[in-house]
Amino acid sequence: MYHDGTRFHRWRPPNRRSEQTGVAFHHHSASWYSEAQCTEVSTFMNRSSPSPMPRPRTQLRQSSIALLVGVPLFVTLTMGSLTHAEDRSLRSAEHIAEQARVVWEDGMSANALEILDQGIHDYPDALTLQKLRADILTTSRGPREAVEAYETVLAKIPTALDVRWAKWSVLTRSGQGEESIAELGRIARIDGQNPLVYFRLAQELRKHNRLEESLESYKKAVELASNVLGWRLALARARFDVLDYDGAERDVQYVLHNISSGSPLELPARNLLAQVNGNSIDRGRRFDPVLTKEMTGAQRKEWASIRAEAWQLFSMGRYQEAEPIYQRMLALNPNDALANYQLGLTLMQLGRCKDALTVFGKVSNLDPNDDDYADTMFRMGQCFVELEQWEDAFVHFHTLYDAAVEFEETNKHVRLPPDTRVLDKQKIARWLEKVRPHVPELATREADAAASPTPSEESPAPSLSPEEELYARANERFKPQKPLDPQASLMGRDADFSWFRFVIPASKVVRDDFPTGAHEFIPLYPGDSFPATQAEVYLVFGLVSASFDAVPLTVRCFVETSEMTGEQPAVAQDRVMTTMNDQSGYFMLVPPKLGWTAGLYHCGLFAGEQTSADTLVDEVRFRIIAPPRSS
């Protein structure tokens with residue numbers, strides 16, 4: 001560890017590499033490893049650790065004395081030019097910035113800020129000092145002060161993109177959604193030929209249900225990257241959601257006419273075309289369905305207007321504010337299964353498991369699909385544990401475990417498709433082990449049942465009835481012949497925003513340790529564009545809610561070409577394991593063996609053991625800029 005005892009360090013959590021996949025694993029909790037396993041990686045500068053230096057106050061006093069002694073000598077020898085004085089001032093400001101940076105890297109943020117405050121007093125026009133001060137405030141739990149410091153720089157250099165991206169990152173991480181979107185809009189106006197910034201702006205506007213503005217940003221992104229056909233599907237979906245069905249169909253047909261046979265984009269394009277043509281209950285976000293016959297027009301309008309606000313607050317972790325909105329939604333439409341489920345999760349986050357159980361019970365009565373039903377059962381089991389209702393918890397977890405065992409036994413000779421979702425037997429077993437000591441009678445009964453004789457494996461298999469044989473043949477016939485390609489599975493539809501609150505590409509990352517033992521990972525020098533010489537690209541993320549258990553998260557990045565191919569290998573990938581109560585983390589993307597090539601990069605984010613279209617929950621993009629040609 002390399003820190004001042006309470007804040008951030010300059011050590012990267014150690015990696016271990018999978019022997020099967022070659023993907024680097026790293027845990028975000030350093031307590032999982034011994035000191036001997038740590039490897040040093042600077043999260044601030046690409047150089048070795050600085051040597052010890054005098055205390056900052058002594059340094060400043062020495063510098064002041066040197067300047068005072070130099071003045072009469074300077075006046076005696078020569079008057080010099082104004083330009084020379086300005087150059088000397090600039091060098092002095094850079095020297096102060098270097099002093100502050102070294103102290104900051106040693107984990108002493110407060111001392112570094114003292115050095116900078118004195119330097120800014122002496123050199124008020126030195127914007128380098130102002131920018132460095134803002135960067136330090138970013139990592140010192142002072143988002144408001146950091147934003148103000150960045151705005152001081154932007155008041156003098158409004159087109160400084162690096163400063164605007166840094167300000168946007170602070171606004172995004174601190175949950176200031178509207179302000180961060182406004183800043184992203186300013187970046188787009190300055191960097192007007194960058195298609196990625198328009199694409200990101202469109203996605204953020206979409207999250208806030210500003211669909212008409214999002215559509216305009218998608219149009220601009222596609223105009224600047226017209227050869228990337230996958231983006232046109234996102235544009236088609238944006239048109240569909242504002243009920244421009246004709247425009248959506250034109251964009252989808254354009255993609256279908258320009259892709260090659262067997263393209264990964266073909267299946268999502270045809271799925272979206274079926275929706276556009278009315279072969280789905282989904283008619284777009286702006287479509288106003290009649291939810292119940294008893295609802296008045298005003299009630300339907302209110303329900304449609306507040307559901308986006310409820311989801312926004314939920315995704316930002318503002319559960320106290322989200323709860324009354326979900327309650328109002330369910331008063332308007334009690335059969336809204338998704339609102340019931342999200343209200344249950346909200347109440348769990350607020351520590352109100354008793355109320356959450358009541359809500360989850362309603363979800364079970366709304367005929368959910370198998371996945372939603374299993375997850376609701378699991379959440380109810382967790383709540384019963386929280387309330388120490390051990391028998392109910394045991395019954396719920398045991399039911400899930402039996403279902404997992406039955407599925408495994410039934411399909412042990414069946415080769416399942418790679419995107420098949422199954423219950424995590426090991427995870428459920430861990431919760432059962434936690435509950436079992438509190439219910440010895442039930443545990444004994446379970447052990448007796450397990451020890452009872454089972455039918456011989458040599459017993460002949462029961463014959464199928466004619467109806468069962470017909471069903472089996474029909475089921476085999478209608479199995480999907482071609483799984484959805486993970487690279488294209490989010491094209492033309494929304495990401496699953498229930499996992500990541502944000503994902504920010506950055507050049508560096510720093511870890512802030514709290515006295516409680518929790519920690520936060522903070523991006524430094526964020527943006528969407530990096531030089532070809534970039535050592536690593538970090539994807540720093542925040543989770544919608546803290547992890548309930550260890551969850552593997554994976555990122556796989558590809559060069560985003562005009563048309564993706566299923567055989568395209570990932571050029572960069574990483575895998576992390578979140579631990580209990582983690583709310584942030586990062587992926588580290590190491591450049592390929594031959595280095596980064598200029599172009600757009602599309603990264604898929606996966607939650608779970610498998611990386612497939614079914615476990616793809618979000619995506620992020622960045623670009624590599626080619627070095628300027630020498631004239």
Next on the checklist: I'd like to check the side chain to side chain donor-acceptor pair (under 3.5 Å) partners of R144; sequence neighbours left out, ordered by chain and number.
Outcome noted: E148
Item to check | Distance-only polar pair, side chains of E560 and Y601, donor-acceptor under 3.5 Å | outcome: no
Item to check | Flag side-chain contact, heavy atom, 4.5 Å: L589 against L539 | outcome: yes
Checklist entry - Got a donor-acceptor contact below 3.5 angstrom from the S226 side chain to the V222 backbone? => result no
Checklist entry - Measuring from I120:CD1 to L129:CG, what's the distance to the nearest 0.5 Å? => result 5.5 Å
Item to check | Residue list, ring-ring contact (aromatic ring centres under 6.0 Å, His included) with F502, at least two apart or on another chain | outcome: none
Item to check | Inter-residue atom distance T159.OG1 - I187.CD1, 0.5 Å rounding | outcome: 12.5 Å
Checklist entry - Going by the salt bridge (charged side-chain N to carboxylate O under 4.0 Å, His left out) test, which pairs reach into residues 193-203, not counting sequence neighbours? => result none
Item to check | Flag for Y525-D135: side-chain donor and acceptor within less than 3.5 Å | outcome: no
Checklist entry - How about V559 and L600: do any of their side-chain heavy atoms sit closer than 4.5 Å? => result no
Item to check | Beyond-backbone contact of Q320 with Q349, side-chain heavy atoms, under 4.5 angstrom | outcome: no
Checklist entry - Who passes side chain to side chain donor-acceptor pair (under 3.5 Å) against R164, sequence neighbours left out? => result E183
Checklist entry - Pairs in or reaching into residues 126-146: which pass ring pair (Phe, Tyr, Trp, His ring centres under 6.0 Å), with residues at least two apart or in two chains? => result none
Item to check | is_close_aromatic(F521, F541), centroid dist under 6.0 Å | outcome: no
Checklist entry - In chain order, what residues pass the side chain to side chain donor-acceptor pair (under 3.5 Å) check against E212, with sequence neighbours excluded? => result R286
Next on the checklist: Applying side chain to side chain contact (heavy atoms under 4.5 Å, CB included), can you list everything that pairs with A160, at least two apart in sequence or on another chain?
Outcome noted: L154, I157, D162, V163
Item to check | Residues which pass side chain to side chain contact (heavy atoms under 4.5 Å, CB included) with E223, listed by chain and number, not counting sequence neighbours | outcome: K220
Checklist outcome for this item: Distance col, row R237:CZ vs L235:CG, nearest 0.5 angstrom, shows 12.5 Å
Checklist entry - With sequence neighbours excluded, what pairs up with D244 under the side chain to side chain contact (heavy atoms under 4.5 Å, CB included) test? => result R239, V242, D246
Item to check | Side chains of Q534 and S507 in contact at under 4.5 Å (non-hydrogen atoms) | outcome: yes
Next on the checklist: Run the ring-ring contact (aromatic ring centres under 6.0 Å, His included) test against Y218 and tell me which residues pass, sequence neighbours left out.
Outcome noted: F199
Item to check | Pairwise side-chain contact, L137 with L113, heavy-atom cut-off 4.5 Å (strictly under) | outcome: yes
Checklist entry - When you check the side-chain N and O atoms of T172 and W168, is any donor under 3.5 Å from an acceptor? => result yes
Checklist entry - For S174, what residues pass the side chain to side chain donor-acceptor pair (under 3.5 Å) criterion, not counting sequence neighbours? => result Q176
Next on the checklist: Is any side-chain heavy atom of F530 closer than 4.5 Å to one of P505?
Outcome noted: yes
Checklist entry - How about H208 and E204: does a side-chain donor come under 3.5 Å of a side-chain acceptor? => result no
Item to check | Heavy-atom side-chain contact between T554 and L605 under 4.5 Å | outcome: no
Checklist entry - Residues in side chain to side chain contact (heavy atoms under 4.5 Å, CB included) with A182, at least two apart? => result R186
Checklist entry - Would a 4.5 Å heavy-atom cut-off, applied to side chains only, mark R133 and D117 as touching? => result yes
Checklist entry - Ignoring hydrogens and geometry, is there a side-chain-to-backbone donor-acceptor pair from Y538 to F587 under 3.5 Å? => result no
